[in-house]
Amino acid sequence: MPMIRPTLAALLVLAAPWALAVDAPDARVPTWANGPSSVAGSFPIAVWLQNPANAAAYRAAGVNLYIGLWDGPTEAQLAELAAAHMPVMCAQNAVGLAHLADRTIVGWTQEDEPDNAQELKGGGYGPPIAPAEIARLYADMKAKDATRPVFLNLGQGTSFTAYIGRGVRTGHDEDYTAYAAGGDVLAFDIYPVNAAEPAVGGRLEFVPRGVTRLRAAGGGRKPVWCWIETTRIGKDAPAKPTPAQVRSEVWLALIHGASGIGYFCHSWNPSFDEAGPLHDPAMLAGLTAINGQVRELAPALNSPLTLAGAGVVAADPTVPVAVLAKRVGSESYLFAGALRMGTTMATFTVPEGASVEVLGEGRTIPISEHAFSDRFEGYGVHLYRVVGKP
């Protein structure tokens, strides 16, 4: 497993200092005739396997995409989603194929987590689904409809290579490059706050680590989305994520190049609840705020332009800080987050501006000699907009 570097500056500086650079390759806003919106101001914010009856409530919280439908799609499910103006990526069954002209369907879903050991009907587990089979299913779906992307979600082995849930393929990282051929949009899930495994538990850095690894598996040519935990999922889960932890996971994923996010909303603790965040006022408020900020900053996140010469150095090397520097129109932004639990001061280098506005925090920090500093605590995230002339 590659180590996470303390800064993304080496990835961002693609031209001479103080110049604008174009991300290469750019897989942030791909276009399909009947796929998700490719408008620069849009950003995929999804929920997994939710009841269409809750689509309006999720939309009010800033969600703009359903992925997966239980035993669907059915005619009733598609009608309900259409009425709520909620697009969906779903299985390519007979009902779905009968709706090729329906713009409610914006993508097709592959087998979920094929990289994990597969449950056998008679009990126990067999090997993962072979990448060759996923590639075959992909080719079959594209032959039936090439106007929509195929969505492929992979398991936590994407990030945590020692995950024993992969069975006989545990540690075989080379599988992921092969799996990446089986989808147009790649995604993965790992839930560190819920993780009982000591190597992962509470370590939010496994989320951006998975984004980095999956982007590499796709050769940087395919968008990578990331699932984020929102509930105490299982009965053995040691903790429930807080809205602050969810915000950190979301932004650490985006800083590392995720071009879509999704929320896992199910909980079995203390009892089953399919739509946990809708019944948790604090989490619902947190998600609504996160989603609003992501939507507001979508033009910057989707911009192919990075601000070359921007970088960051953490005073405490055991608490590295990552930064994504973006330029859209006349505006420059720096999105930054700490990759470990702990506290550090971080010093940012910027090629322009007199100060930075810390978005959503009511603070302004002056820039002096192309640099400014800020404090990061406990996987903290700060979002900056560069203001004025130096």
Side-chain angles (χ1 to χ4, degrees), residues 1 48-50 67-73 89-94 96 107-144 149-192 194-201 206-207 209-211 213-214 216-218 222 224-227 229 231 233-238 262 264-269 272 274:
M1 179 183 297
W48 168 254
L49 210 62
Q50 292 295 292
I67 299 183
L69 292 170
W70 184 257
D71 287 339
M89 291 181 166
C90 57
Q92 199 186 67
N93 64 9
W108 306 112
T109 53
Q110 267 274 22
E111 295 288 331
D112 186 44
E113 296 182 343
D115 55 319
N116 288 346
Q118 300 295 300
E119 190 171 359
L120 300 174
K121 291 182 179 179
Y125 290 84
I129 301 174
E133 174 61 10
I134 295 302
R136 186 194 68 78
L137 293 172
Y138 171 79
D140 183 62
M141 283 188 277
K142 297 300 283 189
K144 293 173 181 174
V150 172
F151 176 86
L152 172 64
N153 183 60
L154 299 162
Q156 63 178 287
T158 306
S159 177
F160 178 41
T161 59
Y163 177 53
I164 63 172
R166 296 203 63 218
V168 296
R169 298 304 295 174
T170 297
H172 285 270
D173 298 351
E174 70 275 11
D175 291 352
Y176 287 94
T177 300
Y179 279 121
D184 299 307
V185 176
L186 309 178
F188 77 102
D189 52 71
I190 190 166
Y191 307 130
N194 276 273
E197 167 60 54
V200 179
F206 273 93
V207 173
R209 180 179 296 182
V211 173
R213 289 172 53 80
L214 194 52
K222 296 186 177 184
V224 169
W225 298 0
C226 179
W227 292 103
E229 58 194 326
T231 64
I233 298 172
K235 294 188 181 298
D236 61 344
F264 187 80
C265 301
H266 294 70
S267 175
W268 287 262
N269 188 338
F272 178 71
E274 176 187 295

Nearest heavy-atom contact between P131 and A178 is CB-CB, 3.5 Å

Side-chain contact, heavy-atom cut-off 4.5 Å: D115 with R169?
-> no

Decide yes or no for R209 and I190: does some side-chain heavy atom of the first lie under 4.5 Å from some side-chain heavy atom of the second?
-> no

So, do L186 and W225 sit near enough that their side-chain heavy atoms are less than 4.5 Å apart?
-> no

Nearest heavy atoms of G182 and V150, plus distance in Å = O-CG1, 4.0 Å

Ring geometry between W268 and H266 (parallel below 30°, tilted from 30 to 60°, perpendicular above 60°) = parallel

OH of Y179 to CD of E174, rounded to nearest 0.5 Å, is 10.5 Å

Just how far is it from atom CE of M89 to atom CZ of F151, taken to the nearest 0.5 Å?
-> 7.0 Å

Is any side-chain heavy atom of I67 closer than 4.5 Å to a side-chain heavy atom of W227?
-> yes

Salt bridge (Lys or Arg N to Asp or Glu O under 4.0 Å) assessment of D140 paired with K144 | CA-CA 7 Å; D140 183 62; K144 293 173 181 174; 3.2 Å; yes

Got a second to check how far L154's CG is from E111's CD, nearest 0.5 Å?
-> 12.0 Å

Between Q156 and R166, does a side-chain contact (heavy atoms from CB on, under 4.5 Å) hold up when you go through it step by step?
-> CA-CA 9 Å; Q156 63 178 287; R166 296 203 63 218; over 6 Å; no

Judged by atom type as modelled, is there a donor-acceptor pair below 3.5 Å linking the side chain of T161 to the main-chain atoms of G171?
-> no

Step-by-step side-chain contact (heavy atoms from CB on, under 4.5 Å) determination, W48 to D112 | CA-CA 11 Å; W48 168 254; D112 186 44; 3.9 Å; yes

E113 and N153, any side-chain heavy atoms less than 4.5 Å apart = yes

Do the side chains of F188 and C226 get nearer than 4.5 Å, heavy atoms only?
-> yes

Any side-chain heavy-atom pair from K142 and D184 closer than 4.5 angstrom?
-> yes

Nearest heavy-atom pair of P192 and V200: which atoms, and what distance?
-> CB-O, 3.7 Å

In this structure, CG of D175 is separated from CD1 of I134 (nearest 0.5 Å) by 11.5 Å

Carefully, step by step, assess N116 and Y125 under the rule side-chain contact (heavy atoms from CB on, under 4.5 Å).
-> CA-CA 10 Å; N116 288 346; Y125 290 84; over 6 Å; no

Using modelled atom types only, decide if a donor and an acceptor are shared between the side chain of E229 and the backbone of F264 within a distance under 3.5 Å.
-> no

Short question: side chain of N269, backbone of I233 - any donor-acceptor pair under 3.5 Å?
-> no

Roughly how far, to the nearest 0.5 Å, is the CG atom of L214 from the NZ atom of K222?
-> 10.0 Å

One should read off an interatomic distance between F160 CZ and F206 CZ, to the nearest 0.5 angstrom, of 6.0 Å

Return yes if some donor-acceptor pair links the side-chain N/O of Q92 with the main-chain N/O of C90 below 3.5 Å, else return no.
-> no

Determine the minimum heavy-atom distance between C265 and T231, stating which atoms define it.
-> O-CG2, 3.5 Å

Is any side-chain heavy atom of P73 less than 4.5 Å from a side-chain heavy atom of N93?
-> yes

